[in-house]
Amino acid sequence: MTFEQYKELCSNIDYHMDRYYNNDEPEISDYEYDQLMIQLKAAEKEHPEWITPDSPSQKIGGTAKREAGVKITHNVPMLSIEDVFTHEDVEAWVNKVLAMHPDSKFSVEQKIDGLSMTLRYVADGEGRMRLDVAETRGDGIVGEDVTANALVIPSVCKYLNLPYEYLELRGEVYMSHEDFNKFNELQEELGKKIAANPRNLAAGTLRQLDPAITRERGLDMFVFNIQDGPKDLMASHDQGLNAIKESGVATVYHRLCANAEEVIQAITDIGEMRGQLPYDIDGAVVKVDQIDYRNDFPAGSKYSAGHIAYKYPPEEKAVFMESIEETVGRTGKLGFIGHVYDNETGKPARLCGTNVSRVTLHNQDYINEMKIGVGGVYLLKKSGDIIPKLVGLVAEPFQIYEASTNCPVCGERLIREEDTADIRCINLSCPAQCSRAISYFASRTCMDIAGLGETLVDALVSEGYLKNYADIYHLKEHRDELVQAGIIGKEKNTDKVLAAIEASKNNEAEKLLTALGIRNVGKSTAKELIRSFGSIRKLMEATILDLLAVQDIGETTAQDIVEFFTNESNRRIIEDLENSGVNMEKAVDEDATDKFAGLTFVITGTLPTMSRNDAQALIEKNGGKVSSSVSKKTSYLLMGEAAGSKADKAKSLGIPTLSEEDILKMLE
């Protein structure tokens with residue numbers, strides 16, 4: 001590996017660390033992340049002179065988020081645990097410990113897939129200990145004070161009946177599968193974005209500013225370490241956990257082992273529990289039980305001494321393809337859903353703690369490549385432990401599946417787009433497109449009409465109240481019959497939805513443009529178009545040449561926009577929306593300038609006085625554009641504290657950086 005390749009690898013890992021620890025939105029699986037770290041460590045072992053304090057191998061994890069709580073310095077650093085991936089590595093580590101301390105014992109524990117939190121207890125003068133502070137890990141040295149949220153977690157003890165002056169416990173906050181599923185079901189009913197996995201949702205929930213939200217969503221915690229306390233709890237890890245468990249503390253599953261054989265068996269047994277547990281685990285932790293021995297086995301400044309974590313390989317199951325269902329999306333694109341079951345049990349496949357019976361089959365090219373058909377047997381895994389995905393062929397089907405020639409919903413002939421794998425229904429009156437287009441129109445990122453979710457839209461479409469998204473604004477004309485039929489609900493709920501519809505008329509024009517569902521026109525493109533043309537009416541008359549003059553608009557997008565607005569049916573719908581009073585004009589801001597016109601900014605880190613949303617609004621108000629990632633097109637990087645990988649990438653590309661003070665001076 002060259003030094004340039006090494007720096008690129010560091011930048012890539014930094015990016016994924018930021019997505020996981022700070023944004024709670026990982027883009028790759030734990031396994032894929034681990035493979036990147038293995039490459040990094042191998043390169044640094046060969047070239048130790050490359051290692052710097054900001055290398056990913058020297059960092060612990062996230063950075064404390066100011067908006068989620070007050071920053072707090074840990075009494076005991078909250079370090080990570082070094083990962084190993086084979087039984088041979090575990091056995092070698094155990095034998096190394098035994099060679100130095102033959103009487104060593106080992107605690108093998110479930111590695112809960114959540115986020116770490118430390119609890120500090122102090123004596124309250126009444127013979128018991130009171131929870132004083134709860135803190136997240138942050139960067140391992142500084143975290144966030146989340147005491148108010150910790151107090152509403154049922155498994156966190158507010159008081160301990162223990163005769164000590166001070167006790168510090170560390171554990172993992174997690175969300176059960178049941179609470180996770182409840183949250184996503186409610187989100188779907190409300191037409192809002194669903195959470196990707198329990199770990200991300202738990203992290204976001206613990207960082208909520210409102211403890212009522214934390215209580216409502218449901219979190220739990222297992223304590224896995226006594227960080228600091230009296231000597232009688234700090235001699236044997238296993239005995240310490242058992243002692244606090246007797247006082248009501250929820251402790252992680254742990255088993256005491258005497259040698260490598262017992263440790264490997266405990267790891268295997270924990271691995272077999274994965275499918276039956278009501279929460280997710282992503283490994284097994286092995287700890288030297290005698291706490292005094294641990295410092296004899298350091299693993300670097302980033303990792304806790306005397307610990308290793310065995311990471312299980314991604315789970316795979318052989319599944320039988322029972323049937324294939326065709327679906328039609330809001331843009332008319334034909335989709336394929338495979339209905340599968342576990343080839344051994346005949347039941348839904350159990351992977352990473354969830355039942356899987358459906359898998360996305362993408363398009364006809366993918367189906368042909370994977371030889372997918374009814375009766376075939378395939379290897380199924382969860383990509384990133386989130387999305388079910390077929391990864392291999394076990395037994396071929398009698399026949400590879402072929403897409404229908406006619407739309408499964410409206411019966412009109414399907415077409416395959418030139419130079420793509422996409423098959424579409426081009427009938428704009430197709431009921432499937434209608435329902436999904438209206439749901440998208442009302443969704444949070446578009447017109448944000450609370451309560452008008454997919455289920456309700458389907459009901460209103462099937463009852464004939466909605467034929468296109470302009471009909472949403474005519475629902476008030478049918479208020480009494482809607483109440484009588486109970487389609488939306490009783491009077492109170494119906495009026496609530498109708499009020500949300502009425503309020504959406506005042507949204508910014510870019511929200512409406514996004515909601516129209518024009519191909520290749522998302523939120524950022526819509527914002528740029530409205531800024532350039534000033535209104536949807538003016539945009540409707542734009543030519544392809546006019547559109548190509550707009551920043552980041554290419555020929556394909558320009559063609560899609562022109563085709564959409566030249567369609568008479570679409571023009572009638574927009575006229576209906578306008579007559580209903582839906583805003584189509586860019587908001588006029590008397591303080592707006594064009595000082596940042598033609599400039600693209602990326603914002604990273606924590607700014608002294610502004611939130612990122614405030615900074616973005618300021619830039620856009622003055623004619624600039626904000627992008628989420630650094631590239632050669634970036635004009636400036638607006639940088640605050642804990643900037644992370646974006647600062648590294650900007651430096652490598654020679655992109656100038658600005659502070660909050662700098663950008664305000666530019667506007668003077």
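Note that the structure is predicted; figures quoted are calculated from it, not measured.
- In the model, Asn225 has a side-chain atom that pairs as donor or acceptor with a side-chain atom of Lys287 under 3.5 Å.
- Counting heavy atoms from C-beta on, the side chains of Tyr174 and Met221 never come closer than 4.5 Å.
- With 3.5 Å as the limit, one finds a donor-acceptor pair spanning the side chains of Ser155 and Asp220.
- Using modelled atom types and a 3.5 Å distance limit, the side chains of Arg255 and Ser107 yield no donor-acceptor pair.
- The two residues Leu169 and Gln227 make their nearest non-hydrogen contact at C-CG, 4.2 Å.
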*Check the pair Ser80, Arg137 against side chain to side chain donor-acceptor pair (under 3.5 Å), reporting the backbone distance first and the verdict last.*
CA-CA 10 Å; Ser80 299; Arg137 183 167 69 172; 3.3 Å; yes

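- Atom CG of Leu162 is separated from atom CD of Glu246 by 10.0 Å, given to the nearest 0.5 angstrom.
- Taking the six-membered ring where the residue is Trp, His362 and Tyr366 present perpendicular rings, their angle passing 60° and hence far from 30°.
- Counting only heavy atoms from C-beta outward, the side chains of Met321 and Ile372 approach each other to under 4.5 Å.
- The structure places CG of Leu98 at 9.5 Å from CH2 of Trp93, a figure rounded to the nearest 0.5 Å.
- For Asp280 (side chain) and Asp113 (main-chain N/O), no donor-acceptor pair under 3.5 Å exists by modelled atom type.
- Taking the side chain as every heavy atom from C-beta outward, Lys111 and Phe224 never approach each other to under 4.5 Å.
- The number of heavy-atom neighbours closer than 6.0 Å to NZ of Lys158, taken from other residues, nucleotides and ligands shown, is above 12.
- Checked by atom type, the side-chain pair Glu135/His74 shows a donor-acceptor distance below 3.5 Å.
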*Could you please spell out the steps behind the side-chain contact (heavy atoms from CB on, under 4.5 Å) verdict for Leu201 and Arg217?*
CA-CA 9 Å; Leu201 183 55; Arg217 290 186 184 175; 3.7 Å; yes

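- Checking each of Asp83, Val84, Ile308, Val94 against Asp89 for a side chain to side chain contact (heavy atoms under 4.5 Å, CB included) leaves exactly one that passes, namely Val84.
- Side-chain atoms of Asp179 do not come within 3.5 Å of backbone N or O of Met175 as any donor-acceptor pair.
- Although no hydrogens or angles enter the test, the distance criterion places a donor-acceptor pair under 3.5 Å between the side chain of Glu172 and the main chain of Gly114.
- With Ser11 contributing its side chain and Lys7 its backbone, the two residues share no donor-acceptor pair below 3.5 Å.
- Judged by distance alone, with hydrogens and angles left aside, the side-chain atoms of Thr604 form no donor-acceptor pair with the main-chain N or O of Met639 at under 3.5 Å.
- Residue Glu316 qualifies as enclosed at atom CD: its count of foreign heavy atoms under 6.0 Å is above 12.
- Residues Ile226 and Leu241 approach most closely at CD1-N, 4.3 Å, considering heavy atoms.
- The minimum heavy-atom distance between Ala349 and Val319, with the atom names listed, is CB-CG1, 3.8 Å.
- To the nearest 0.5 Å, atom CG of residue Asn12 and atom CD of residue Gln5 are 13.0 Å apart.
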*Check the pair His87, Tyr310 against ring pair (Phe, Tyr, Trp, His ring centres under 6.0 Å), reporting the backbone distance first and the verdict last.*
CA-CA 8 Å; His87 287 178; Tyr310 174 80; 5.2 Å; yes

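- What you find for Ala284 and Tyr312 is that their closest heavy atoms are CB-OH, 3.6 Å.
- In this structure, the side chain of Gln265 does not engage the main chain of Glu261 through any donor-acceptor pair within 3.5 Å.
- In this structure, the ring-ring contact (aromatic ring centres under 6.0 Å, His included) partners of Tyr293, at least two apart in sequence or on a different chain, are His101.
- Between Tyr279 and Phe222, the angle of the ring planes goes over 60°, which puts this pair in the perpendicular group of the 30/60° scheme.
- Here the side chains of Thr118 and Val76 are not in contact, with every heavy-atom distance at 4.5 Å or above.
- Each of Thr147, Val122, Leu119 was scored for a side chain to side chain contact (heavy atoms under 4.5 Å, CB included) with Asp132, with one residue passing: Val122.
- A donor-acceptor contact closer than 3.5 angstrom links the side chains of Tyr166 and Asn75.
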*Could you walk me through whether Arg130 and Leu160 pass the side-chain contact (heavy atoms from CB on, under 4.5 Å) test, one step at a time?*
CA-CA 7 Å; Arg130 169 182 56 82; Leu160 295 175; over 6 Å; no

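- You'll find the side chain of Lys71 stays beyond 4.5 Å of the side chain of Glu144, heavy atoms only.
- With Asp289 contributing its side chain and Asp238 its backbone, the two residues share a donor-acceptor pair below 3.5 Å.
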